[in-house]
Amino acid sequence: MNNTASILARFVDEIRFEDIPKELVNEAKRLLMDSVGCAMAGTYTQKGKIALTFAGSYGSPAEATIIGTRQKVPATLASFVNGELFNAMDYDALCSPSGHITPYVLAAPLAVAERENARGKDLITAIVIAHEIAQRVSSGLVIPGPLSKKKSENGISLQIPIHGYGVNIFGGIAGAAKILRLTSEKVGHAFGIGASMCP
């Protein structure tokens, strides 16, 4: 495992709910509520209906809920469908510098948390970690230049990422790994598997 991956993996393994500032805990709760609302509205969109139809083809084991329905499906499928629903209306939260990351990093920890019957504090910790890791990896890939120094009217950095949303896989992995209580070595292996599939 290279140095960067081992540092990130150790961070995922070692951080605890008590280490997270109260403002970030509140922000994680807000992101979760916002995302659930987006997903519920997303069930009425064409994209959402396609995802729900796809989910209807599967059903066993019943591990995690598809938001806005009473349907439980395997956690991997719930993660996919909920991620689609979070983003179906394109109303999901924006984060700087990488834009719409929440649908890509929240869906996996949420589904795994339900499957594992995780505590609320564990889910909040996973949400914070997922966003932090995705933001750190994304920030490391931004091309320096004049736009990286400009800010919007609201003070948000205007940076052009070179990566698309594929690197957000690391945030989803980190959040799910935290729920599963993986050791830093196993988190590093999970990052490696994710990197091999990252577009």
Side-chain angles (χ1 to χ4, degrees), residues 12 20 24-59 62-118 120-139 156 161 163-180 190 194 197-199:
V12 171
I20 302 170
L24 289 183
V25 170
N26 291 335
E27 184 64 13
K29 291 176 182 178
R30 189 191 68 76
L31 281 169
L32 180 58
M33 288 189 300
D34 179 74
S35 298
V36 169
C38 287
M40 292 176 76
T43 62
Y44 294 97
T45 66
Q46 183 178 9
K47 178 180 180 178
K49 289 177 183 176
I50 291 169
L52 292 170
T53 299
F54 175 71
S57 306
Y58 305 89
E63 297 176 325
T65 305
I66 295 175
I67 296 171
T69 75
R70 294 181 181 178
Q71 185 177 5
K72 281 197 169 195
V73 295
T76 51
L77 183 59
S79 178
F80 170 76
V81 174
N82 287 335
E84 291 293 294
L85 293 174
F86 290 153
N87 184 247
M89 295 186 67
D90 201 29
Y91 286 174
D92 49 280
L94 286 172
C95 300
S96 175
S98 44
H100 296 271
I101 67 166
T102 300
Y104 307 101
V105 304
L106 175 60
L110 183 61
V112 173
E114 183 177 359
R115 184 187 75 193
E116 299 295 313
N117 199 25
K121 286 183 177 182
D122 294 334
L123 177 59
I124 295 300
T125 304
I127 291 169
V128 170
I129 288 171
H131 283 82
E132 181 71 20
I133 295 293
Q135 290 288 79
R136 294 287 179 172
V137 173
S138 296
S139 294
I156 297 173
H163 51 71
Y165 292 112
V167 297
N168 290 322
I169 193 171
F170 300 109
I173 289 168
K178 190 63 181 176
I179 294 290
L180 293 170
M197 295 185 286
C198 184

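Ile101 and Ala134 make their closest contact through CD1-CB, 4.0 Å (heavy atoms, listed as atom of the first residue, atom of the second, distance). Taking both residues in full, the closest heavy atoms of Glu114 and Ala64 are given as OE1-CA, 3.3 Å, listed atom of the first, atom of the second, then distance. Considering all non-hydrogen atoms of both residues, Gly42 and Ala88 come closest at CA-CB, 3.8 Å. The minimum heavy-atom distance linking Phe86 with Ser35 is given by the pair CD2-O, 3.2 Å.
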Evaluate side chain to side chain contact (heavy atoms under 4.5 Å, CB included) for Lys49 paired with Thr43, printing each intermediate quantity in order. CA-CA 6 Å; Lys49 289 177 183 176; Thr43 62; over 6 Å; no

Take Phe54 and Phe80 through the ring pair (Phe, Tyr, Trp, His ring centres under 6.0 Å) test and state the conclusion after the steps. CA-CA 10 Å; Phe54 175 71; Phe80 170 76; 5.7 Å; yes

Would you check, one step at a time, whether the test side chain to side chain contact (heavy atoms under 4.5 Å, CB included) holds for Val36 with Met40? CA-CA 6 Å; Val36 169; Met40 292 176 76; 4.0 Å; yes

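In this structure, the side chain of Asn82 engages the main chain of Ala78 through a donor-acceptor pair within 3.5 Å. Here the side chain of Thr69 pairs a donor or acceptor atom with the backbone of Gln71 at under 3.5 angstrom. Between the side chain of Asn87 and the backbone N or O of Pro103, no donor-acceptor pair lies under 3.5 Å. Between the side chain of Thr125 and the backbone N or O of Lys121 there is at least one donor-acceptor pair closer than 3.5 Å.
Between Glu63 and Lys72 there is no salt bridge, since no side-chain N of the basic residue sits under 4.0 Å from a carboxylate O of the acidic one.
Here the options are Leu110, Val128, Val112, the test is side chain to side chain contact (heavy atoms under 4.5 Å, CB included), and the partner is Leu123; only Leu110 passes.
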